[in-house]
**Q** 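Next up is a structure, given as structure tokens.
In what follows, chains are A, B, ... by sequence order, proteins preceding strands, each numbered from 1.
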Amino acid sequence: MFNKVLIANRGEIAVRIIRACRELGMETVAVFSEADRHALHVRYADEAYLLGPAISRESYLRGDKIIEIALKTGVGGIHPGYGFLAERADFAQAVIDAGLAFIGPKPSAIAAMGDKAIARMTVAKAGVPVVPGTEGEGNLRDEDLLVAAQQIGFPVLIKATAGGGGKGMREVRELKEMPALLTAARREAEAAFGDGNVYLEKVIEGARHIEVQIMADQHGNVIHLGERECSIQRRHQKLVEEAPSPFVGDDEDFRNTLGSVAVRAAQAVNYVNAGTIEFLVDSNKNFYFLEMNTRLQVEHPVTELATGVDIVREQIRISRGRQMRLTQEDITMKGWALECRINAEDPHHGFLPSTGKITHLNPPTGPGVRVDTGVYSGFSITPYYDSLISKLIVWGENRAEAVLRMRRALEEYRIVGVSTNIPFHQKLMNSTRFQAGQFDTRFVEERFSTQYGEEDETTPELAAILATLVAHESLQQSAQIVRRNERDTSNWKWVGRWERLQR
Amino acid sequence: MFNKVLIANRGEIAVRIIRACRELGMETVAVFSEADRHALHVRYADEAYLLGPAISRESYLRGDKIIEIALKTGVGGIHPGYGFLAERADFAQAVIDAGLAFIGPKPSAIAAMGDKAIARMTVAKAGVPVVPGTEGEGNLRDEDLLVAAQQIGFPVLIKATAGGGGKGMREVRELKEMPALLTAARREAEAAFGDGNVYLEKVIEGARHIEVQIMADQHGNVIHLGERECSIQRRHQKLVEEAPSPFVGDDEDFRNTLGSVAVRAAQAVNYVNAGTIEFLVDSNKNFYFLEMNTRLQVEHPVTELATGVDIVREQIRISRGRQMRLTQEDITMKGWALECRINAEDPHHGFLPSTGKITHLNPPTGPGVRVDTGVYSGFSITPYYDSLISKLIVWGENRAEAVLRMRRALEEYRIVGVSTNIPFHQKLMNSTRFQAGQFDTRFVEERFSTQYGEEDETTPELAAILATLVAHESLQQSAQIVRRNERDTSNWKWVGRWERLQR
Amino acid sequence: MGLKYITTINDREYLVEILDETHVTINGQVHLVDFTTVSDQPVYSILLNGKSHEAYVYAEENLWQVLLRGILYSVKVEDEREKRLRAAAGGNVVLTGDTPIKAPMPGLVISVLVEDDQTVSKGDTMVVLESMKMQNELRAPRDGVVSRLGVKAGESVERHQVLCYVGATR
Amino acid sequence: MGLKYITTINDREYLVEILDETHVTINGQVHLVDFTTVSDQPVYSILLNGKSHEAYVYAEENLWQVLLRGILYSVKVEDEREKRLRAAAGGNVVLTGDTPIKAPMPGLVISVLVEDDQTVSKGDTMVVLESMKMQNELRAPRDGVVSRLGVKAGESVERHQVLCYVGATR
């Protein structure tokens with residue numbers, strides 16, 4: 001059983017994993033790019049080695065180098081975190097071939113779930129409902145798609161096979177508009193990806209994104225840790241997550257159904273370690289398999305706070321061959337956990353990325369507040385990696401208390417030097433629809449305005465006073481500088497005169 | 001029922017209470033001294049008012065001014081925190097007379113427990129064991145004390161009636177040395193307090209300080225939240241607290257005995273709100289009432305983390321007249337909580353206070369870590385108030401995990417600009433006796449060395465390299481400054497020459 | 001006598017007068033103010049008639065940006081004399097000449113789809129930037145001709161850096 | 001050729017040579033080093049042969065103080081030339097003259113129990129300081145006469161401020 005782990009990642013998740021190892025009494029090895037010498041994971045690890053230049057493909061994606069460092073430093077396992085190499089079956093295989101433990105699922109499970117068509121087929125075979133559509137049925141012609149659309153039922157979504165990021169995507173509400181939309185979608189997909197192939201997917205109206213955390217050990221035990229809701233998204237990026245789901249609420253039967261279906265999906269690929277089954281759920285509690293993330297999720301802390309299970313520690317135990325200490329009966333959700341992803345982006349300027357040096361940072365602390373972060377005061381945010389700089393997670397006895405606690409924590413959070421989306425979260429926590437749990441995956445984009453107009457009267461007055469006081473102070477200071485310069489100048493003149501007198 | 005609270009305190013506890021109010025959706029009013037304009041409690045409260053100069057008696061002890069502000073701002077209750085006015089029955093009475101809620105016990109309970117002799121008598125009458133001794137029996141002559149000592153049994157402690165801080169204190173191990181020690185103790189007490197009266201107290205050998213948190217509402221319900229152990233002390237100052245107590249351990253019977261005795265003590269004075277009964281416990285599990293703290297304790301968070309009860313929130317609910325939602329059956333301790341008090345004092349120079357501006361601060365974060373603090377990067381620590389600047393509290397599934405987590409959190413904690421006792425805590429967490437739970441109230445002073453010698457060989461080498469690199473860098477920089485000055489000088493000369501040429 | 005400022009938020013004007021260290025008036029109403037900076041940062045703590053508020057205030061593009069409880073206000077502050085001068089000069093300045101295309105975010109130039117002297121139509125994609133795995137397409141704000149193109153693919157750019165200009169057809 | 005230093009901790013000497021940006025030797029053994037300051041603070045991160053350590057390093061009373069994993073090391077760093085000069089000058093400096101009584105902590109003077117020209121015995125309490133509710137009695141370090149008493153009750157003092165001197169009986 002190994003006692004030393006290499007963390008093949010950076011940022012908050014690398015710090016998170018280092019902490020788990022340290023709390024298990026295990027040694028840690030960090031790897032870093034040239035842009036990350038000052039990163040927290042380098043500072044907190046027992047050992048740290050340079051991988052290469054800032055660009056990911058020359059550093060954090062260099063699986064070969066990482067395995068080389070792992071062998072040189074004598075670690076027993078590699079934790080990939082999320083992103084980068086986490087869902088690369090070939091990397092997982094290479095780690096195993098090097099005689100090391102890959103702290104994650106088997107390469108075969110990663111591969112099976114990584115190919116969307118195979119994933120859909122596999123889980124469907126295990127009796128798990130999938131979103132109706134033609135994905136994985138090969139490249140169909142327009143005629144076939146028109147027939148298929150009628151079978152699926154409108155509205156349907158046309159999606160690019162090679163796609164992502166909304167490119168080549170069209171929503172079709174009735175048959176007659178479909179031919180034109182197909183042409184447009186294919187043209188856009190061709191332009192964006194050099195591949196004009198498209199597939200159809202049923203539009204789940206008012207869909208909520210609900211996912212189930214599962215854990216499986218090497219001894220055949222598979223359990224689920226309940227659900228998380230992640231419907232608060234912007235451009236398919238999750239922004240806020242919670243456990244339990246306000247939509248599932250007190251419906252324990254539905255919770256158990258989702259949970260056991262998720263366990264079945266995991267079992268279908270002989271899954272080991274932590275994983276997540278994502279579902280789309282419609283307003284009638286019909287649910288459809290979306291995908292499986294064969295790794296630790298960004299939002300795992302909400303499940304940790306709601307269930308009391310330390311998922312990362314469990315991951316390491318499992319990969320050391322231990323039997324899970326927990327059975328399904330031990331898992332209960334208590335209270336409510338919320339997570340806000342704090343991104344270095346400017347909510348007042350189209351959520352564009354923001355980089356620079358953090359000149360001041362004061363994180364919220366106190367009861368029920370957890371901050372997972374990889375940054376600190378004095379650290380520079382570079383444009384090379386993703387914009388997630390911190391996760392603010394709170395726990396409350398119930399959802400209302402969790403929301404109140406999140407509000408006070410957001411208010412306390414001070415980050416100066418880069419823009420963050422904290423103002424977005426503050427506004428969201430104040431929204432009555434969010435507070436009531438009434439939202440779907442389109443809520444942020446369609447119903448949540450980032451225009452700020454509905455504030456009370458006194459706030460603009462206060463802003464006016466503040467701006468005037470700061471402007472006034474700045475004027476006074478520049479006046480002082482001018483005065484000082486005047487004196488300096490006259491001094492200089494005086495010296496000049498004095499020098500002339502000397503000659 | 002009121003919705004606005006004035007917090008008559010400063011520092012971490014004021015921030016703690018403001019947070020609780022905010023999480024209940026209540027408004028807060030802070031008060032502050034001239035030294036505290038930049039304090040976190042002023043920044044976090046909804047309103048803040050100046051009390052007066054830095055010295056406590058002209059600011060935080062000005063009960064009259066505080067009540068005046070409370071009335072002016074329309075608050076419904078005043079929370080006194082700990083220290084300052086928290087245990088002043090006259091202040092509590094004045095608050096009530098002003099028509100406001102005092103968020104704490106009734107003045108009569110504060111008064112009863114504030115007078116040690118009355119407190120001992122009251123609880124003894126209720127069947128609670130007290131430390132055998134003559135306190136409260138009036139000023140006895142030497143002859144009477146010699147008789148009493150034999151009844152109590154040696155060793156006994158001679159203590160000054162007017163005393164405190166160890167002045168006029170003598171330990172007597174046998175009768176024959178007692179007369180001389182009595183004379184010495186009286187002389188020292190006379191010199192220190194102008195009062196030569198002394199009393200006797202049985203020495204509890206190998207005593208551990210174990211206290212029980214109790215909560216009582218206005219409807220006659222009294223419960224306890226289990227025990228805390230606070231045996232890690234230095235000069236009667238608690239430094240580390242934990243819940244549960246490693247000494248009580250799995251002995252549920254003993255836990256329940258302590259708990260029900262504590263409840264009885266509270267009932268003896270018709271106690272309402274949160275309070276703590278302190279016991280000395282000897283190695284045979286004999287326990288003796290020490291005193292009751294009729295207020296919130298510094299170390300309340302360990303009980304919060306072990307029981308899941310938010311004590312401050314409960315305090316406010318109780319003072320609003322609500323019935324407690326918890327019964328004794330609802331209270332169970334889960335896992336283990338540890339607290340380290342982070343003081344601005346220098347463990348390498350006799351634990352003397354340290355003041356100054358915090359130039360950099362990076363608190364530990366992540367799973368299972370809570371920081372309660374009133375300071376931040378850029379804040380100045382002044383000499384006017386006590387040295388507690390932060391409480392680092394961790395939770396673990398068991399004591400060993402909590403200790404490991406505390407170690408990693410202490411390692412992460414960076415405070416630059418003032419000295420802190422973090423190094424003391426780091427050393428303590430590494431001590432095998434502490435890890436094994438083998439300590440009593442004299443452990444730190446008698447058995448715990450702050451001399452650092454037993455480290456491995458490589459650490460001094462590393463220190464040597466670090467110091468040399470920093471010294472080298474600093475030499476290089478001063479050399480550069482010299483070079484730059486040289487150039488500046490020659491520039492200046494050159495300009496001079498140029499000016500001459502112009503003439 | 002205090003200093004008078006005309007402060008504008010969303011076309012609404014406030015007359016703010018700074019009476020002394022602890023008093024200001026806004027539209028004639030007097031307020032008690034205790035104002036200080038926090039940690040030597042552009043973070044300000046204000047006690048306004050006892051109410052405690054905190055804001056991040058910084059200058060950007062001739063305006064003061066006030067981030068207050070999650071809301072960003074762009075505020076123009078002018079002293080009376082300035083305001084009179086501006087009024088005398090009359091109206092807004094009409095934009096003329098070439099339009100600079102500025103990077104809206106720091107990042108890497110992924111591709112440059114135009115070259116100098118090329119004619120573009122409003123909405124044409126000119127440059128693609130990437131930062132933090134997010135791509136951003138910069139489009140022509142008007143019809144015109146590209147000039148002074150200063151970047152190529154693979155380069156890094158700062159926020160607000162001018163990448164090229166689009167001017168009137170020559 | 002690198003720069004050589006003689007570095008002393010608790011009377012133990014280490015010969016440290018700085019070879020280049022990434023290599024040092026200590027007592028002849030070569031180490032790979034990656035050394036940097038954190039947040040522009042006297043906090044240093046070092047990767048020594050890959051092992052990551054962090055320390056707070058600052059100068060105090062002609063020594064370098066290194067706070068490393070909770071342990072404080074007082075370190076003397078001399079370059080070879082300095083060391084030779086010191087050796088040539090020979091031995092330690094013998095303390096002569098009046099002994100300054102310095103405040104061991106910042107705080108308020110609670111009481112001053114001596115006056116100028118008063119004779120004190122070693123161990124006599126001279127001044128009582130208070131800081132953070134903790135009182136500290138400053139005692140005479142030797143027999144002698146008090147001179148240049150510079151504080152009175154109620155005043156604030158800084159750490160290391162000289163409060164008075166104790167000198168040979170005149």
**Q** Please determine if A:R22 and B:E412 form a salt bridge, counting it only when a charged side-chain N lies under 4.0 Å from a carboxylate O.
**A**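 The answer is no: the pair does not qualify as a salt bridge.
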**Q** Of the non-hydrogen atoms in B:P367 and A:D372, which two are nearest, and what is the gap between them?
**A**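 Result for this residue pair: CD-OD1, 3.9 Å.
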**Q** State the CD1-CZ distance between A:I18 and B:R408, to the nearest 0.5 angstrom.
**A**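 A:I18 atom CD1 to B:R408 atom CZ measures 11.0 Å (nearest 0.5 Å).
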**Q** Taking all heavy atoms of A:R19 and all of B:T365, pick out the closest pair and write down the distance.
**A**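 Closest heavy-atom pair between A:R19 and B:T365: NH2-OG1, 3.0 Å.
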**Q** In terms of heavy-atom proximity below 4.5 Å to chain A, should B:R16 be classed as side chain, backbone, both, or neither?
**A**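 The side chain, not the backbone.
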**Q** Does any backbone or side-chain atom of A:L305 lie under 4.5 Å from a heavy atom of chain B? Answer side chain, backbone, both or neither.
**A**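 Contact with chain B involves no heavy atom of A:L305 at all.
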**Q** Rounded to the nearest 0.5 Å, how far apart are CG of B:L24 and CG of A:L404?
**A**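 The CG atom of B:L24 sits 8.0 Å away from the CG atom of A:L404.
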**Q** Measure distances from B:Y376 to the heavy atoms of chain A and classify the residue's part below 4.5 Å as side chain, backbone, both or neither.
**A**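 B:Y376 touches chain A through backbone and side-chain heavy atoms alike.
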**Q** Thinking salt bridges, do A:E411 and B:R43 make one under a 4.0 Å N-O criterion?
**A**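 Not counted as a salt bridge, because no side-chain N and carboxylate O are separated by less than 4.0 Å.
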**Q** Heavy-atom distance under 4.5 Å to chain A: side chain of B:V369, backbone, both or neither?
**A**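 Only the backbone of B:V369 comes within 4.5 Å of chain A.
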**Q** Report which part of A:E397 has an atom under 4.5 Å of a heavy atom belonging to chain B: side chain, backbone, both, or neither.
**A**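 Interface part for A:E397: side chain.
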**Q** Any side-chain heavy atom of B:E23 within less than 4.5 Å of one from A:M406?
**A**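 They are not in contact (no side-chain heavy atoms under 4.5 Å apart), so the answer is no.
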**Q** What is the distance from atom CG of A:L361 to atom OG of B:S377, rounded to the nearest 0.5 Å?
**A**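 Here the interatomic distance stands at 9.0 Å.
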**Q** Name the option with the most non-hydrogen atom pairs under 4.5 Å to chain A; the candidates are B:K334, B:H360, B:E304.
**A**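 Ranked by contacts with chain A, first place is B:H360.
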